[in-house]
Amino acid sequence: MGSLLLLLLLLLLSPSYPRGGSAWRRRSARTQGPGGPSPAPPETSAPFWVRISPEFKAVPPGGSVWLNCSSSCPLPEGSSLRTELRRGDTLSGPGWVSYQLLDVRAWSSDVHCFVTCAGETRGATARITAYKQPRSVILEPPVLMGSEYTLRCHVTHVFPVGFLVVILRRGGRVIYSESLERFTGRDLANVTLTYALRARPSDFGQPVTCYARLDLDGLVVLSSSAPMTLPVLAWSPASKALASTSIAALVGILLVVGALCLRKYLSMKSRA
């Protein structure tokens with residue numbers, strides 16, 4: 001019995017005997033792996049949104065507009081605006097910045113708003129347009145010059161002229177159209193279109209209408225004049241003067257002929 005106790009004591013004192021601490025260290029080494037302790041999962045920044053309002057705005061030429069740029073970033077590092085338009089005042093508050101744009105004269109402008117949050121920059125885009133529907137579209141009464149009708153259409157206070165198309169319709173058929181894309185002015189303009197229409201018997205009594213159409217990249221703004229009817233006889237001032245002269249000459253000839261006939265009649269009667 002004493003020998004057995006002595007053997008157990010020797011085993012416990014032996015350095016090769018596995019102890020609880022060594023077993024814990026071995027388990028710990030297995031969990032750490034060859035590269036040391038496992039790193040903690042990296043912290044990822046929460047996504048954030050950026051919005052600009054309004055996203056689309058139409059203003060009259062030379063007008064101004066306010067754009068509001070907002071985000072869900074709790075601590076934005078900065079915000080900016082990129083545009084070719086002229087900038088005015090700037091207002092800001094928690095999570096938003098408002099920008100004023102002045103003297104808008106470009107037909108279409110893209111405005112970009114950017115916000116930086118936790119080193120990441122995101123943006124939003126708005127589109128600002130400037131156009132003016134014609135104040136009036138007026139078609140003058142057709143005038144007959146020889147064998148042609150002169151049609152004259154006036155389009156007033158329109159912008160942008162470079163996107164304007166003027167159309168003349170007889171009945172439901174287009175007889176003439178002209179695009180003014182060569183004009184690049186940045187101000188309101190008045191446009192006059194003159195067209196010579198060869199008169200045909202089938203045209204008499206047909207209505208003619210003038211249309212002004214703005215083709216604005218998918219947005220179509222259409223204005224029209226009151227219809228004018230092609231009369232059977234359309235007298236120009238020159239034609240009226242010529243007709244009056246002809247009538248006066250005819251009356252004079254008839255009076256002379258009448259006087260000669262009367263004189264001859266009286267002469268024959270006196271002889272008898």
Side-chain angles (χ1 to χ4, degrees), residues 56-63 103-109 127-251:
F56 178 85
K57 181 68 176 179
V59 299
D103 195 26
V104 180
R105 293 188 180 275
W107 136 240
S108 180
S109 302
R127 174 161 292 184
I128 309 300
T129 63
Y131 74 91
K132 174 68 169 61
Q133 187 173 358
R135 177 183 295 175
S136 61
V137 180
I138 302 171
L139 179 63
E140 293 184 4
V143 177
L144 183 61
M145 304 285 291
S147 61
E148 293 181 338
Y149 283 105
T150 298
L151 304 177
R152 186 169 288 111
C153 179
H154 304 278
V155 182
T156 65
H157 287 76
V158 61
F159 178 86
V161 180
F163 290 79
L164 178 67
V165 180
V166 182
I167 305 168
L168 291 173
R169 283 180 176 269
R170 178 185 56 210
R173 178 185 174 189
V174 175
I175 57 177
Y176 183 74
S177 67
E178 183 172 342
S179 172
L180 283 80
E181 59 186 357
R182 63 186 180 276
F183 294 96
T184 58
R186 297 167 67 92
D187 297 307
L188 290 171
N190 298 323
V191 176
T192 298
L193 172 70
T194 302
Y195 178 70
L197 173 66
R198 183 170 296 277
R200 300 179 305 176
S202 58
D203 293 334
F204 298 148
Q206 290 288 327
V208 177
T209 307
C210 180
Y211 293 88
R213 186 181 71 199
L214 284 171
D215 290 330
L216 305 173
D217 295 340
L219 173 65
V220 178
V221 180
L222 189 64
S223 305
S224 65
S225 69
M228 301 297 294
T229 302
L230 294 174
V232 176
L233 293 176
W235 296 90
S236 66
S239 300
K240 291 180 180 180
L242 180 60
S244 299
T245 303
S246 300
I247 292 174
L250 179 60
V251 170

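Remember, it's a predicted structure, so these values are computed and weren't measured experimentally. All values below were derived from every heavy atom in this structure, side-chain atoms included, with hydrogens, water molecules and symmetry-related copies excluded.
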(message) Main chain of Phe163, side chain of Asp215: is a donor-acceptor contact present, judged purely on distance under 3.5 Å?
(response) no
(request) Could you tell me which non-hydrogen atom of Pro134 sits nearest to which non-hydrogen atom of Ala212, and how far apart they are? (result) CG-CB, 4.1 Å
(message) Side chains of His154 and Leu193, heavy atoms from C-beta outward: is any pair under 4.5 Å?
(response) no
(message) Minimum heavy-atom separation for Lys132 and Pro61, please, with both atom names.
(response) CB-CD, 4.0 Å
(request) Would you check if Glu148 and Leu197 make a side-chain contact, meaning some heavy-atom pair closer than 4.5 Å? (result) no
(request) Run the numbers on Tyr149 and Leu230 for side chain to side chain contact (heavy atoms under 4.5 Å, CB included), then give the verdict. (result) CA-CA 8 Å; Tyr149 283 105; Leu230 294 174; 4.0 Å; yes
(message) Pair Thr194, Arg152 - check side chain to side chain donor-acceptor pair (under 3.5 Å), show working.
(response) CA-CA 4 Å; Thr194 302; Arg152 186 169 288 111; 3.2 Å; yes
(request) Go through Val208 and Leu151 one step at a time and tell me if the side chain to side chain contact (heavy atoms under 4.5 Å, CB included) criterion holds. (result) CA-CA 9 Å; Val208 177; Leu151 304 177; 4.0 Å; yes
(request) Would you please test Asn190 and His157 for side chain to side chain contact (heavy atoms under 4.5 Å, CB included) and show each step? (result) CA-CA 5 Å; Asn190 298 323; His157 287 76; 3.5 Å; yes
(message) Once rounded to the nearest 0.5 Å, what's the spacing between atom OG of Ser108 and atom CZ of Arg127?
(response) 4.0 Å
(request) Mind telling me whether Tyr131 and Trp107 have parallel, tilted or perpendicular rings, with 30° and 60° as the class edges? (result) perpendicular
(message) Minimum heavy-atom separation for Asp103 and Gly62, please, with both atom names.
(response) OD1-CA, 3.5 Å
(request) Look up atom CZ in Arg105 and atom CZ in Phe159, then write down how far apart they are to the nearest 0.5 Å. (result) 7.5 Å
(message) So which atom in Pro160 and which in Leu214 form the shortest heavy-atom distance, rounded to 0.1 Å?
(response) O-CD2, 3.6 Å
(message) Check this for me, if you would: do Arg198 and Asp203 make a salt bridge, where the nitrogen-to-carboxylate-oxygen distance has to be below 4.0 angstrom?
(response) no
(message) Is it true that Thr209 and Ser225 share a donor-acceptor pair across their side chains at a distance under 3.5 Å?
(response) no
(message) Apply side chain to side chain contact (heavy atoms under 4.5 Å, CB included) to residues Val137 and Tyr211 and explain how you reach the verdict.
(response) CA-CA 7 Å; Val137 180; Tyr211 293 88; over 6 Å; no
(request) State whether a side-chain donor-acceptor pair under 3.5 Å links Gln133 with Ser223. (result) yes
